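Remarks on the structure that follows.
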Amino acid sequence: MPEEKRKTASGGCLCGEIKFEVTGKLNPVTYCHCKQCRIWHGDVIGYSGCDRGDLNFLSNDTLQWFHSSANGRRGFCTSCGSSLFWADETEDYIAITAGCFDEPTGLTATSHIFVGSAGDYYEIHDKLPRHNESSS
Ligand SMILES: [Zn+2]
Ligand SMILES: [Zn+2]
């Protein structure tokens, strides 16, 4: 019998125009230190994520995508400016900022990526694994 997909999380943007639910498995949270993320989000950002098919929008009229690299797209709300998603067009995975999930999120942060391009204004004080680039 196939495993029934149940809602595992929900979230949305600051103004509430974008609302979504996730059914299925969410990735643990990874902190990304890359320069693009730090500019886009304002600082280091925690990302969870899931298979694209597991992300269901309840409303997304104000969702727009910015092409930040050849295959990279960053999704944001045109009404409030919340930056919520990152996706590689060639992959069936979508990264979702950890901060936009309704709590309790059930998520746990497990690693840092792109610490090779971390900012010069902070130090990482936790003991989580660190990767100079992506973890894969
Ligand atoms: Zn919004
Ligand atoms: Zn990044």
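Just follow the structure's listing: the first ligand is 1, and inside any ligand the first atom is 1. Predicted model only: the values in this text are computed from it and were never measured. Along the sequence shown, the residues carry numbers beginning at 1.
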**Study point:** Side-chain touch Ile96/Val22, heavy atoms, less than 4.5 angstrom
**Key:**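 Yes, their side chains come closer than 4.5 Å.
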
Point to revise | Remaining members of hydrophobic cluster (4.5 Å side-chain criterion), Leu58 | key: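 Members besides Leu58: none; it forms no cluster.
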
Check your understanding: Can we call the ring centroids of Trp65 and Phe76 under 6.0 Å apart?
Key ->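 Judged by ring-centre distance (under 6.0 Å), Trp65 and Phe76 do not meet the cut-off.
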
Practice item. Answer with yes or no after comparing the ring centroid distance for Phe85 and Phe66 against a 6.0 Å cut-off, counting only values under it. Key: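 Phe85 vs Phe66: aromatic centres not under 6.0 Å.
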
Assess the side chains of [X] and [Y]: does a donor N or O sit below 3.5 Å from an acceptor N or O?
X: His131; Y: His112; result: no
X: Asp126; Y: Tyr31; result: no
X: Ser48; Y: Asn27; result: no

Review point. Is any protein N, O or S atom closer than 2.8 Å to the Zn ion (ligand 1), and if so, which?
Key: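 For the Zn ion (ligand 1), the protein N, O and S atoms that sit under 2.8 Å away are Cys13 SG, Cys15 SG, Cys77 SG, Cys80 SG.
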
Check your understanding: Quick one: how many protein N/O/S atoms are under 2.8 Å away from the Zn ion (ligand 2)?
Key ->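 N, O or S atoms of the protein closer than 2.8 Å: 3.
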
Check your understanding: What residues form a salt bridge (Lys or Arg N to Asp or Glu O under 4.0 Å) with Arg52, not counting sequence neighbours?
Key ->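 Salt bridge (Lys or Arg N to Asp or Glu O under 4.0 Å) check on Arg52 returns nothing, list empty.
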
Exercise for review: Kindly say whether Glu17 contributes a backbone atom to a donor-acceptor pair with the side chain of Ser59 at under 3.5 angstrom?
Suggested key: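 Side chain of Ser59 to backbone of Glu17, a donor-acceptor pair under 3.5 Å: yes, one is there.
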
